[in-house]
Undergrad: 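Below are the structure tokens for one structure; questions will follow.
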Amino acid sequence: MSYVLRHNPDAFGLSLDAQGWCKVSDLLAAFKEKGTPITREYLEEVVDTNDKKRFAFSEDGKMIRASQGHSIRIDLGYTPEVPPEILYHGTAKRNLDSIFKEGLQKRNRHHVHLSPDLDTAIKVGQRHGKVVVPKVKAKEMHVLGFEFYRSQNGVWL
Ligand code: HQG
């Protein structure tokens, strides 16, 4: 689901609307077409129990999207928010020199992803190697004019 709803809907013959939403009926049909049929109930379980609450239904339940993490161009429609004083960015130790030289880059994603707490940031960083967690003076950046958004599942962008 992350692959289809964040990176490559084409691969499943799907297209997302400007805000990244996909019709639930289309998604179910696409999974069936690919030989891995899932039910609406199963999808609801995924949305409810996914460890990071990565996916959300629209209010009427007819659409689904990933709440963050996209590489394809969509507008999640989040409005800028004042961030907390400090946010955390878990990354690999080997990236540090380059981060301090170039700044944090969004790489393939839409935004730089920041965690509200240290534990989450450690988990994010561990995916990349020996973890380090630079603190980001988010409030100070906000004052300087950087925009911060909070995704529906609590990731700071
Ligand atoms: C690094 C997961 C060198 C950056 C997580 C990171 C998150 C640099 C990597 C979400 C750099 C990009 C995003 C620079 C950035 N020099 N390295 N100047 N600037 N980097 O996966 O933040 O499980 O695209 O530190 O929980 O690790 O997918 O970003 O290591 O919320 O739901 O470039 O993905 O969520 O890696 O993770 P990623 P991320 P999901």
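Both counts, for ligands and for their atoms, begin at 1 and track the order of listing. One is the number of the first residue; the rest follow in order along the sequence.
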Undergrad: Looking only at protein heavy atoms, which one is nearest to atom 29 (O) of ligand 1, and how far off is it?
TA: R109 NE, 3.7 Å
Undergrad: Is it true that the side chains of H7 and S71 contain a donor and an acceptor less than 3.5 Å apart?
TA: yes
Undergrad: Are any of the heavy atoms in I99 under 4.0 Å away from ligand 1?
TA: yes
Undergrad: If every non-hydrogen atom of K53 is compared with every non-hydrogen atom of N153, which pair is closest and at what distance?
TA: O-CB, 3.2 Å
Undergrad: Given the rule in the side chain to side chain contact (heavy atoms under 4.5 Å, CB included) test, do F57 and L43 qualify, once you have shown the distances and angles that lead to the verdict?
TA: CA-CA 10 Å; F57 287 115; L43 204 55; 4.2 Å; yes
Undergrad: Is the NZ or CZ atom of R65 both under 6.0 Å from the centre of the six-membered ring of Y78 and within 45° of that ring's axis?
TA: yes
Undergrad: Give yes or no for whether the N/O distance cutoff of 3.5 Å, strictly under, is met between G103 and ligand 1.
TA: yes
Undergrad: Check ligand 1 against S98 and write out every atom of the ligand that is under 4.0 Å from a heavy-atom position of the residue.
TA: 3 (C), 14 (C), 16 (N), 18 (N)
Undergrad: Closer than 4.0 Å to some heavy atom of L104 - which atoms of ligand 1 meet that?
TA: 19 (N)
Undergrad: Any heavy atom of K106 sitting closer than 4.0 Å to ligand 1?
TA: no
Undergrad: Check whether any side-chain heavy atom of F55 lies under 4.5 Å from a side-chain heavy atom of S67, and answer yes or no.
TA: no
Undergrad: What protein heavy atom sits nearest atom 17 (N) of ligand 1, and how far off is it?
TA: R107 NH2, 3.2 Å
Undergrad: Counting non-hydrogen protein atoms only, what is the nearest one to atom 2 (C) of ligand 1? Give residue, atom name and distance.
TA: K52 NZ, 3.7 Å
Undergrad: Which atoms of ligand 1 have any heavy atom of R54 under 4.0 Å away?
TA: 23 (O), 32 (O), 40 (P)
Undergrad: Indicate the atoms forming the closest heavy-atom contact of V131 with Q126, along with that distance.
TA: CG2-N, 3.8 Å
Undergrad: Nearest heavy-atom pair of L5 and C22: which atoms, and what distance?
TA: CD2-CB, 3.9 Å
Undergrad: For atom CG of D48, is the number of surrounding heavy atoms from other residues, nucleotides or ligands below 6.0 Å larger than 12?
TA: yes
Undergrad: Looking only at protein heavy atoms, which one is nearest to atom 19 (N) of ligand 1, and how far off is it?
TA: Q105 N, 2.8 Å
Undergrad: What verdict does the side chain to side chain contact (heavy atoms under 4.5 Å, CB included) test give for H89 and L114, after you've listed the backbone C-alpha separation in whole Å, the side-chain angles of each residue and the deciding distance to 0.1 Å?
TA: CA-CA 5 Å; H89 180 80; L114 302 169; 3.7 Å; yes
Undergrad: Counting non-hydrogen protein atoms only, what is the nearest one to atom 10 (C) of ligand 1? Give residue, atom name and distance.
TA: H113 ND1, 3.2 Å
Undergrad: Any idea which protein heavy atom is nearest atom 1 (C) of ligand 1, and the distance to it?
TA: N95 ND2, 3.9 Å
Undergrad: If you take all heavy atoms of W21 and S58, which pair is closest and at what distance?
TA: CZ3-N, 3.4 Å
Undergrad: Of all the non-hydrogen atoms in the protein, which one sits nearest to atom 37 (O) of ligand 1, and at what distance?
TA: R127 NH1, 3.4 Å
Undergrad: Taking 4.0 angstrom as the limit and counting only heavy atoms of R6, give me the atoms of ligand 1 inside it, by number and element.
TA: 28 (O), 32 (O), 40 (P)
Undergrad: Considering heavy atoms of the protein only, find what lies nearest to atom 6 (C) of ligand 1 and give residue, atom and distance to 0.1 Å.
TA: H128 NE2, 3.7 Å
Undergrad: Show the atoms of ligand 1 that are less than 4.0 angstrom away from any heavy atom in H89.
TA: 4 (C), 22 (O), 25 (O)
